[in-house]
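Order of the sequence lines fixes the chain letters, A, B, ..., with proteins taken first and strands second; residue numbering starts at 1 for each chain. Since the structure is predicted, the reported quantities are computational estimates derived from the model, not experimental observations.
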2 protein chains.
Amino acid sequence: MSPKPPKKKLTVKSVASILGVSTATVSNAFNRPDQLSSVLRNKILDECERIGYHGPNPAARSLRTGSTGVVGIMLAEKLAYNFSDPCAIEFLEGVSQILDDARVNMLLMPGREEFYKKTSLESIPDRYIIYGPPKDLPLLDRIERQHKPIISVDFNLENHLSLNIDNYGGAKAAANHVFETTSGPVAVIGLRLSKDADGERINATDLYDPNYSISRQRLNAYLDASKEANRPIGFDYIWDTSKSSWDEGVKAARCALSVSPRPTALLCMSDNLALAALSVAREMGLHVPQELSIVGFDDTPAASVNHPEVTTVYQPSLEKGRLAAKMVLNPENYDSIVLPTELKIRETS
Amino acid sequence: MSPKPPKKKLTVKSVASILGVSTATVSNAFNRPDQLSSVLRNKILDECERIGYHGPNPAARSLRTGSTGVVGIMLAEKLAYNFSDPCAIEFLEGVSQILDDARVNMLLMPGREEFYKKTSLESIPDRYIIYGPPKDLPLLDRIERQHKPIISVDFNLENHLSLNIDNYGGAKAAANHVFETTSGPVAVIGLRLSKDADGERINATDLYDPNYSISRQRLNAYLDASKEANRPIGFDYIWDTSKSSWDEGVKAARCALSVSPRPTALLCMSDNLALAALSVAREMGLHVPQELSIVGFDDTPAASVNHPEVTTVYQPSLEKGRLAAKMVLNPENYDSIVLPTELKIRETS
DNA sequence: TTGAAAGCGCTACCAT
DNA sequence: ATGGTAGCGCTTTCAA
């Protein structure tokens, strides 16, 4: 085997005996500065550093105290999925800004039970941020039964604080704008409107519940605006994608722009989808915005860095993350929150 | 206080007594299927589910077994920084693809000791992936002393497996290409070439060590190519940034393009920097690539989605993440690896 | 300010 | 196939 240094294992006990003090004193030096003189405390800390004892074993500590100092961030699906979603990234960045500063650790957790079999991961955190409606209800149930603080983000969870953005308002503003500035048919490129989205037209029967799905809230806003404008959007002008990727966006946009009569505006439920649609328009030789308006959602950096800059609905993803972290650390200081969204009219509409 | 269900606390012990079996049997049901009949095992598992016992307490388990089933991903600096770097994101996505499938949890850890004071976070993982050279050597030291498997990524760590990409080769190809296709001065927009990069010209004295810094490897390749082409790049044509952000890129590019004689090519050490430079060129009315060639590094999605598409050096970030995860799970099956890079000539050169 | 000791929940050894 | 049980490293109470 690998040659390990034959050093004795370091524990409070062995350290205490090396330093000639009691285990309680060593423990207090690390955990309760007020329980001993600062002279002694510093001496102990220095000595520990010197001999290579870097503080109490976390497992033992948390077994003893019953808490871990970890905030769980429960994401939808696999972690990998979230790392490819700019909004999730910004949200996580915001969360980590606050948690880093509070010296609290964040544990990213996939939203599917099958990942938990081995480790009971879900019982590690002391508090939870749940980002997006989990697909796995039994797992959610298990977490709720632990009676730890929970913040739900982008959906509502009974008896817990929630943090949402104004999806309806933002989408309504986008749709109103499009109905004012174009005169032809308007199509929708949706995102996870139903469980089996695949880049095809939607099927009215199996859409998600609007109380649970931000996409449905956005769709409802589009639809309401279309009624008010007296230019109803038929279901044959609504497409659905399962994720906000370039490929899915291209596929859906190609379909949507092949319909006759061709839409003169595309309401896309994310910037990635809008960007993909833009590229399809270019490849089809359509002039944007003269022949085709394209509107996104989220206002990710890519939207404004692009040329032409994409008209979209801003949502404060970073601030959302920061707020979620603050809320989960101090739930008693907060009520549920709905953050505003804002239409950003730029060059694609 | 909140009204909690007055349920007795569930432990192996209480569960065992409820079910009328021994604690060992309950434990075995969860951990060692081969130690009992599958009939009994299933009965126990079902019953546990029913009464709400969701498996052994992880703290107690890991105190007992001495392992946690967690892989630590040690990142440079704060977590937040990494969430804004497309390469880091792709890398993490790759890591999580493998770790998710292996049902192993990943713990993202900031690379600065100050975040560890409270929790001794660094002793939780069983194995480590260290992504990029840590700024905090004492912390690294503490991790190494734990004698757990470590994979170093994008730098070398003595006595441990490392995973690198061919920075020199990729940068050399990029520079050769630029010297072949342009005839004026060539400038460099570097990334973290020295500790106190701030968007200004570099100061030859305090550059990082090439063995430790991928940027220095790239710079050396640029410089070697320039010598071979007999068109040396002076230090007054080399700029440095502290991070791969739009703002820093814009700042550095504005400086670099104001020099007289103006560069006819910009070798940028990331795609973000190249994209920012592109926007500065546009704002200055410079035609790309006729009057100015711009080359990036990394080949992130943004590079090829952009119009014009950015000439850059591809590095397999996703595959790098997947490999790092595989290596850390099975170090005995691997040697240190250098992944190839590849020049992608597109529209900005 | 210190020392002794109980016990957090679990696993794995040994015995049956 | 199952049961009894020591002890993982720690914190905290109590008494000195």
Side-chain angles (χ1 to χ4, degrees), chain A residues 7-45 47-48 51-70 118-124 126 146, chain B residues 7-45 47-48 51-70 118-124 126 146:
Chain A
K7 218 187 297 183
K8 185 178 190 301
K9 196 188 297 179
L10 292 171
T11 70
V12 268
K13 206 165 164 186
S14 65
V15 165
S17 93
I18 292 173
L19 303 195
V21 298
S22 79
T23 62
T25 305
V26 174
S27 175
N28 284 334
F30 280 98
N31 302 311
R32 310 175 49 175
D34 54 309
Q35 297 295 296
L36 35 43
S37 68
S38 66
V39 177
L40 178 56
R41 178 173 132 93
N42 287 328
K43 184 185 152 234
I44 291 178
L45 259 22
E47 200 64 11
C48 284
I51 65 180
Y53 178 72
H54 299 296
N57 173 317
R61 159 184 278 164
S62 98
L63 173 57
R64 179 61 228 233
T65 62
S67 73
T68 57
V70 169
K118 253 195 195 156
T119 47
S120 289
L121 234 202
E122 83 282 0
S123 53
I124 292 179
D126 296 328
Q146 298 183 87
Chain B
K7 219 187 294 180
K8 184 179 189 305
K9 195 188 298 177
L10 292 170
T11 70
V12 266
K13 205 164 164 185
S14 66
V15 166
S17 93
I18 292 172
L19 302 195
V21 298
S22 79
T23 62
T25 304
V26 175
S27 175
N28 284 334
F30 281 98
N31 303 311
R32 310 176 48 174
D34 53 311
Q35 296 296 299
L36 67 173
S37 69
S38 66
V39 176
L40 178 57
R41 178 172 134 94
N42 287 330
K43 181 181 156 243
I44 289 177
L45 260 22
E47 199 64 12
C48 285
I51 64 182
Y53 178 73
H54 298 298
N57 173 317
R61 160 186 279 166
S62 96
L63 175 58
R64 177 62 229 232
T65 61
S67 75
T68 58
V70 168
K118 256 195 194 155
T119 46
S120 290
L121 235 201
E122 84 280 2
S123 53
I124 293 179
D126 297 328
Q146 298 183 90

Could you pull out all residues at least two apart from [X] that satisfy side-chain contact (heavy atoms from CB on, under 4.5 Å)?
{"X": "A/Arg64", "value": "none"}
{"X": "A/Leu40", "value": "A/Thr25, A/Leu36, A/Ser37, A/Ile44"}
{"X": "B/Ser17", "value": "none"}

Exercise. Want to settle it: does B/Arg64 or B/Ser37 sit nearer the 5' end of DNA chain D, counting the closest nucleotide to each?
Worked result: B/Ser37
Exercise. Under 3.5 Å, is there a donor-acceptor pair between the side chain of A/Thr11 and the main chain of A/Lys13?
Worked result: yes
Is any side-chain heavy atom of [X] less than 4.5 Å from a side-chain heavy atom of [Y]?
{"X": "B/Val70", "Y": "B/Asp126", "value": "no"}
{"X": "B/Ile18", "Y": "B/Tyr53", "value": "no"}
{"X": "B/Ser123", "Y": "B/Gln146", "value": "yes"}

Name all residues meeting the side-chain hydrogen bond (donor to acceptor under 3.5 Å, both in side chains) criterion together with [X]; count only those two or more places apart in sequence or in a different chain, and write none if there are none.
{"X": "A/Thr23", "result": "none"}
{"X": "A/Gln35", "result": "none"}
{"X": "A/Glu47", "result": "A/Arg50"}
{"X": "B/Asn28", "result": "none"}

Seminar exercise, completed: Nt span of DNA chain D in reach of chain A heavy atoms at under 4.0 Å, 5' end first, is D/dG9 to D/dT12
Problem set entry | Nucleic acid contacts of residues 24-36 of chain A, taken as heavy-atom distances under 4.0 Å to DNA chain D | A/Ala24, A/Ser27, A/Asn31, A/Arg32
For this session: Take the C1' atoms of the five end pairs on each side of the helix from C/dT1-D/dA16 to C/dT16-D/dA1, get both axes, and report the angle to 10 degrees.
Result: 30°
Exercise. For the atom pair SG (B/Cys48) and CG (B/Leu10), what is the distance rounded to the nearest 0.5 Å?
Worked result: 8.5 Å
Seminar exercise, completed: In this structure, CD1 of B/Ile124 is separated from OG1 of A/Thr68 (nearest 0.5 Å) by 8.0 Å
Exercise. With sugar-phosphate meaning primed atoms plus P, OP1 and OP2, does B/Thr23 contact a base, only sugar-phosphate, or nothing at under 4.0 Å between heavy atoms?
Worked result: base
For this session: Could you tell me from which nucleotide to which nucleotide of DNA chain C, 5' to 3', there is an atom under 4.0 Å from chain B heavy atoms?
Result: C/dG9 to C/dA12
